[in-house]
Each structure stands twice: as C-alpha cells, then as structure tokens.
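What follows is a short report on a single structure.
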Amino acid sequence: MDAINWSELSFGYMKTDYNVRCYYRDGKWGELEVSSSELLTIHIAATCLHYGQEAFEGLKAFRGKDGQVRVFRMDENGKRLQASSRGIVMAEFPVEKFEEAVRKVVKLNERFVPPYGSGASLYIRPLLIGLGAQVGVAPASEYMFLVFVTPVGPYFKSGFKPAPVCIMRGYDRAAPLGTGTIKVGGNYAASLVAGRKAQENGYAAVLYLDPKEKKYLDECGPANFFGIKDNSYITPGSNSILPSITNKSLQQLAKDMGLNVERRSIEVEELATLEEAAECGTAAVITPISQIDDLDEHKSYVFSKDGKPGPICEKLYNKLKSIQCGDEPDPYGWVTILQ
Ligand SMILES: *Cc1c(COP(=O)(O)O)cnc(C)c1O
C-alpha cells in the first residue's frame, strides 16, 4: 500500500483491508464473517433494492496521543440501529453483536486509523439491509448486517468555520409521522433535490421546517440544529428529526458547563433572538452557521459576520473533540478503548 497522506484525506471512501458481515436466516443471526471483498452479491428482488428496507449508522474511531484507538458511544449507535430496524420492520441486530463487529472491523483495519494530531479519523459505517426476495410489498425474511470502515479527513479543511444554510418551504425530508426519527436511506433520497438546490445556491445545507405546520425548526440537512441564547442550549423537539448522538452528547456537556438545556419547539422567527446557531452530527461534530436565509420570506438571520464561530460553539466543539481522542478525561464513559 502506498503511504496515506493523512492530512490530505477528504470525507470520502477509501478501500481498506476488511469488512465484517452477518446474515439473518431462518429467524436467527449467524456468526460474524470477515470479508476482504468490497462487493456484495444479492438477489435481484431483495427488499433493500425495491422497497427501501435499508438502515445505516455512522460513528468514528480516533487515535489518541497514547497511540490507543478509541471508539465513541458505539452502544448508542447499536441501539439506534435497532430502533431504525423496528421502524421499517427489519430483524434487529443485537447490540452486543454490533459492538463486537465494530471492535473487530476496527482492529482488522487498524493500520487505517489515522495518527493522533492529523485531524483525521476512522469512519465506521454499519449497514442493515433486507436481502430476501419479495415482489409483493412485505418485509424480507432474510437480512444482512455489514460494517466497513474508511479513513476520513477533517470535515473542515480550512479550519472550524461557519457556513450559510437556507430555508425552503417547498421541500420536506420526512413526513410528520413518517420515518424522520430513524436513520434510513429513504430520508436521504428524499432530501437530495433540496440539498442539490441549496448547494447550487452556495448553501451548506437546508434547514427544514416541521413538515406539518412549517412553523418550527426541524432537521438541518443530515444533521441536528441547535442555537444558543441567554445561557441556554436550545434544540428542536420534534417528531420528525433523528436523535443525534452528537447532539445528546453536546447537551450533556452544555449542562456541565452551566448552560440550561431546552429541547422544545422553536418557531422560525425565534432565529432573530439566537446568539449562535449550528448543526451537529458525527461527520463534523459541530458546523457553526454563519447565516440562515429564509428564501420564501426573503429574510436573513445573521450569526457570524467575521467568519468566526461563536464562543459557546467553539467551546463545545473543543470539549467534545478532546474527550473523543482522549486528551481530556471521559467522565461519562462514552469512549471504548480497543485493546
Ligand atoms: C446521522 C444523522 C444525524 C447525526 O447523528 P449523529 O448520531 O450525531 O451522527 C442527524 N440527522 C440525521 C438526519 C442523520 O441521519
């Protein structure tokens, strides 16, 4: 293998040595299998291809100053994959087996875990798909769990910098009582048109409004939204957004920094009163928002004029990153050190 230039990595796919797979057949999960192939051979009538029986996860492993590899909150990802499976009637993959598969795939690909200080990390992508052949609309009887890894660069090539987002009422990513709370590919397919339109107009993401009333803030592209005002961390309470593990972690850190944490409906107009705004998720941890343009109402809410993130966003970002790579103690037991 050619030496990897860790500091030049993008957030993209790179082939690694192994992936780990597990099949559900005859009503039970089999043993974990190791594969060195990047390909799958599946039935042409598999339900994942036709009826969207597909859920995925995303988490990261980091190398610390001590050389050890740390995985962040994988039990939470395991539980969320189960929730996604229930949401689209797929067999649930046991959480202990999920953790074993993650440990195994990271260990097998340890040479791809970027060095400490490079800003890069190992992205871990678990996937669960319906494999059984079905032409009538019904859940499959066979499933496959798969986890692969790929090293990814720092999300912000040019440093931790605020980006603009937009509101467009003509699009939803999920229905009011639909699949917005689970991590399924269908939500992503539904967001591609609006996402491309936003990008063509220079925005990093679409800030969706609640799909029922179009009155409240909802999901921010593939990430959760939060704002800061009057010493409070405020994040939307909604029936159509994904429970982000990053958001959950930031809420804990905010509380311990002495902020109030509010999870509630946030009206669009309340944006005018926020001191800081940001989106959060595994990929970027926090992406501060420089301004939000409400394209239908021809209104702008500006949070950063100087290209710098707000002080609370920056503090939260640094704190979470330090815990993830082991620079700071982990009082919450969020990190698993791989032996
Ligand atoms: C994965 C995802 C997030 C972020 O969740 P994390 O657990 O923080 O990575 C937020 N919103 C959507 C729609 C997602 O799919």
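Atoms within a ligand are numbered from 1 in the order they appear, just like the ligands themselves. Nothing fancy with the numbering, it's 1 onward along the sequence.
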Item to check | ligand 1: protein residues within heavy-atom distance under 4.0 Å | outcome: R80, R173, K183, Y188, E219, P222, A223, N224, L242, S244, I245, T246, G281, T282

Item to check | All side-chain hydrogen bond (donor to acceptor under 3.5 Å, both in side chains) counterparts of R86, not counting sequence neighbours | outcome: E92

Checklist entry - Between D172 and K214, does at least one N-O distance fall below 4.0 Å, as a salt bridge requires? => result yes

Item to check | Atom pair CG/OG1 of L39 and T41 - distance to nearest 0.5 Å | outcome: 7.0 Å

Item to check | ILVMFWY network linking Y18 to I124, side-chain heavy atoms under 4.5 angstrom | outcome: yes

Checklist entry - Can you name the closest pair of heavy atoms from P151 and P114 and give their distance? => result CB-CG, 4.2 Å

Checklist entry - Of all heavy-atom pairs between F112 and L122, which one has the smallest distance, and what is that distance? => result O-CD1, 3.5 Å

